[in-house]
Number of protein chains: 2
Amino acid sequence: MSAILDTAGLKNVKTLKIIQDEVASTQRIALSVDCVIFGFDENKLKVLLIRSDLKKYNGRWSLLGDLIDGNEDLDEAAYRILKQRTGLKDVYLEQVQTFGAVNRHPAGRVVTIAYCSLINIQHHKLRIFDNELHWHDVNNVTDLAFDHQKIFETCYQRLQKRIQEHPLGFNLLPKKFSLRELQNLYEAILGTKMDRRNFRKKFFAMDFLIDLDEIEQDVPHRPGKLYKFNYDKYEKKKKKWSGIDF
Amino acid sequence: MSAILDTAGLKNVKTLKIIQDEVASTQRIALSVDCVIFGFDENKLKVLLIRSDLKKYNGRWSLLGDLIDGNEDLDEAAYRILKQRTGLKDVYLEQVQTFGAVNRHPAGRVVTIAYCSLINIQHHKLRIFDNELHWHDVNNVTDLAFDHQKIFETCYQRLQKRIQEHPLGFNLLPKKFSLRELQNLYEAILGTKMDRRNFRKKFFAMDFLIDLDEIEQDVPHRPGKLYKFNYDKYEKKKKKWSGIDF
DNA sequence: AAAGCAATGTGTAAATTTTACACAAATTAG
DNA sequence: CTAATTTGTGTAAAATTTACACATTGCTTT
């Protein structure tokens with residue numbers, strides 16, 4: 001036990017009221033959530049964008065976002081926005097980073113919390129035309145409104161890293177998928193080509209894929225076997241350390 | 001170019017004024033920064049805590065934090081807090097995660113952005129007694145005020161991961177350090193024991209350590225050689241992908 | 001000054017992991 | 001039935017990781 005812990009008196013004790021006054025006297029900062037929603041279609045990684053509703057950014061694309069309500073949790077807000085704007089629910093969502101440059105928003109001080117979302121485009125048919133939503137190839141995203149370009153790039157980089165260390169990618173695929181689809185996904189996200197045999201070996205060695213004893217339908221060539229990811233087994237066995245390497 | 005991009009008209013166009021009104025009409029949410037400040041001393045990883053200034057948390061320890069001013073960037077706010085409360089500047093700072101559970105703060109809705117900071121305790125002598133600051137062994141941190149326990153644990157886990165993939169650890173060491181000090185640091189942060197020869201081999205193989213041709217002083221045994229980290233070389237050569245592995 | 005102590009500094013062999021690479025089998029399309 | 005396309009599989013070489021022991025250095029004690 002430290003000397004300080006034992007002997008120090010309490011200075012600067014504040015009542016709740018004083019803190020409440022401090023909180024109330026700070027300059028107003030609005031909080032928003034912006035969602036970078038990724039999908040995978042036709043072997044391309046896509047991101048869902050919406051036309052900016054702000055005249056200043058006339059016609060430019062932007063992320064889906066909204067102001068946070070005073071009595072909802074951050075994750076709740078992100079789910080709400082996703083649900084309201086796309087009709088989607090039960091999707092993968094993860095907080096990535098908070099962006100708060102003073103002049104990032106033309107309407108005043110708005111700090112935004114960026115979320116990354118992964119959805120399966122086939123499963124979730126969304127009302128794109130109602131909302132001026134559009135799936136963009138991630139390699140063709142430029143000049144977004146606000147600071148959304150930077151937010152997008154941050155989230156994309158985070159995805160590239162996370163997908164190598166965690167089983168996120170399956171959120172972008174159908175529940176049943178072939179190894180070729182899985183490899184296409186990784187290649188699309190990472191922007192690389194991989195050796196097919198080594199890729200398969202790696203995933204089989206992890207031993208988290210359940211062989212469904214089914215094969216692909218309606219493919220114009222030899223159909224591949226279908227698998228699903230064994231989340232339960234993963235949760236029990238996932239590794240702790242990757243080892244020092246930089 | 002997509003059909004949507006070409007043909008869709010612009011609906012829901014808003015003027016700046018409308019957005020400003022929306023921003024102004026949201027419920028007030030205060031923003032704060034909380035810093036998890038790590039130091040390394042006597043072969044232990046330490047975290048800097050302060051007595052909660054709130055009566056409700058009478059005597060409990062908490063992270064260093066403060067409300068964000070309306071016209072400062074987030075990183076700026078974190079630097080300011082660090083400087084104001086500890087006298088420290090030019091330290092490593094990284095945003096980690098934002099915490100915003102509705103009832104996390106007793107004084108109302110306060111969303112906080114957690115930062116992780118790494119400082120060298122020897123270089124930066126801080127005015128601990130003036131401020132009721134205390135360095136706690138990270139293995140002995142319990143029952144912090146607010147949701148600071150969770151924030152601390154999140155930041156500690158992030159540090160454990162990041163230190164294996166990026167050369168952050170050197171911020172916790174003197175500019176000149178021995179390999180034993182470096183290994184002690186990694187062992188303290190990760191809570192593991194490592195093989196000395198393999199540890200040295202690994203770092204020499206990275207080839208980012210500059211041999212200073214100096215040796216430790218005032219050690220009661222054979223002194224080790226001193227090194228510094230070659231940031232320039234690292235910046236040029238750092239790797240992109242770690243490979244799929246989970 | 002000598003002996004003892006405590007930590008540094010070093011190499012190699014075995015095990016594991018990663019990489020590169022080619023051909024036969026299944027299915028559809030024509 | 002043939003051609004075209006994609007699936008599915010194994011092995012050898014290379015690279016990396018792991019386990020492990022002893023001589024050297026400098027300080028401390030006697």
Side-chain angles (χ1 to χ4, degrees), chain A residues 40 42-44 163-165 173-174 176-188 190 192-228 237-246, chain B residues 40 42-44 163-165 173-174 176-188 190 192-228 237-246:
Chain A
F40 183 62
E42 295 170 330
N43 292 335
K44 298 245 192 290
I163 201 178
Q164 297 184 73
E165 304 176 341
L173 293 176
K176 303 173 178 183
F177 53 86
S178 69
L179 275 172
R180 163 56 61 184
E181 290 175 289
L182 185 60
Q183 185 173 344
N184 285 343
L185 175 68
Y186 272 84
E187 290 180 343
L190 298 177
T192 59
K193 288 286 171 197
M194 301 178 188
D195 180 90
R196 189 160 53 97
R197 274 182 291 191
N198 293 336
F199 183 88
R200 298 166 73 89
K201 208 185 311 176
K202 178 148 248 161
F203 270 92
F204 287 142
M206 285 182 194
D207 207 26
F208 292 136
L209 295 183
I210 298 171
D211 184 338
L212 294 169
D213 274 319
E214 292 177 63
I215 57 173
E216 291 177 291
Q217 302 298 323
D218 304 317
V219 286
H221 53 72
R222 174 176 177 179
K225 300 178 78 171
L226 295 177
Y227 299 86
K228 67 175 181 178
K237 292 179 53 176
K238 63 183 168 187
K239 22 179 86 121
K240 294 223 178 59
W241 308 127
S242 40
I244 300 168
D245 196 20
F246 48 83
Chain B
F40 183 63
E42 294 171 330
N43 291 336
K44 299 243 191 291
I163 201 177
Q164 296 184 75
E165 303 176 343
L173 293 176
K176 305 174 178 184
F177 53 85
S178 68
L179 275 172
R180 162 56 61 187
E181 290 176 289
L182 186 61
Q183 184 173 345
N184 285 342
L185 175 69
Y186 273 85
E187 290 180 343
L190 299 177
T192 59
K193 286 289 170 195
M194 300 178 186
D195 180 89
R196 189 160 53 96
R197 275 183 289 189
N198 292 336
F199 183 87
R200 299 166 72 89
K201 209 186 311 179
K202 176 149 249 161
F203 270 91
F204 287 141
M206 286 182 193
D207 207 26
F208 292 136
L209 295 183
I210 297 172
D211 184 338
L212 294 170
D213 274 320
E214 291 177 66
I215 57 172
E216 293 177 290
Q217 301 298 323
D218 302 319
V219 287
H221 52 73
R222 174 176 177 180
K225 299 179 79 170
L226 294 177
Y227 299 86
K228 67 174 181 178
K237 293 181 52 175
K238 61 184 170 186
K239 5 182 102 110
K240 295 224 178 57
W241 307 127
S242 41
I244 300 167
D245 194 21
F246 47 83

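Chain identifiers are assigned alphabetically (A, B, ...) following the order of the sequence lines, protein sequences preceding nucleic acid strands; residue numbering begins at 1 within each chain.
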For this session: Would you kindly give the CG-to-C1' distance between A:Asp211 and D:dG8, to the nearest whole Å?
Result: 12 Å
Exercise. Whole-Å distance between D:dT7 C1' and A:Asn184 CG?
Worked result: 13 Å
Exercise. In Å and rounded to the nearest 0.5 Å, what is the NZ to CG distance from B:Lys44 to B:Asn184?
Worked result: 10.0 Å
Problem set entry | Gap between atoms CZ and C1', on B:Phe199 and D:dA19 respectively (whole Å) | 17 Å
Seminar exercise, completed: Here the salt bridge (charged side-chain N to carboxylate O under 4.0 Å, His left out) pairs for residues 237-246 of chain A, sequence neighbours left out, are A:Glu235-A:Lys238, A:Lys239-B:Asp245, A:Asp245-B:Lys239
Seminar exercise, completed: A:Ile215 CD1 to C:dT28 P, in whole Å, measures 8 Å
Exercise. Which of parallel (below 30°), tilted (30 to 60°) and perpendicular (above 60°) describes B:Phe203 and A:Phe246?
Worked result: perpendicular
Exercise. Below 4.5 Å, heavy atoms only, C-beta onward: do A:Leu190 and A:Gln164 meet side chain to side chain?
Worked result: yes
For this session: Nearest whole angstrom, please: distance from the P of D:dA19 to the CE of B:Met194.
Result: 13 Å
Exercise. A:Phe177 pairs by side-chain contact (heavy atoms from CB on, under 4.5 Å) with which of A:Leu209, A:Leu185, A:Leu226?
Worked result: A:Leu209
Seminar exercise, completed: Here the distance between atom C1' of D:dT16 and atom CG of B:Asp245, to the nearest Å, is 13 Å
For this session: Measure from the side-chain N and O atoms of B:Gln217 to the backbone N and O of B:Ile215, and report whether any donor-acceptor pair falls under 3.5 Å.
Result: yes
Seminar exercise, completed: Scoring nucleotides 5-15 of chain C by protein non-hydrogen atoms under 4.0 Å (B base, S sugar-phosphate only, - none) yields --SBBBBB---
Seminar exercise, completed: A:Met206 atom CE is separated from C:dT18 atom C1', nearest whole Å, by 13 Å
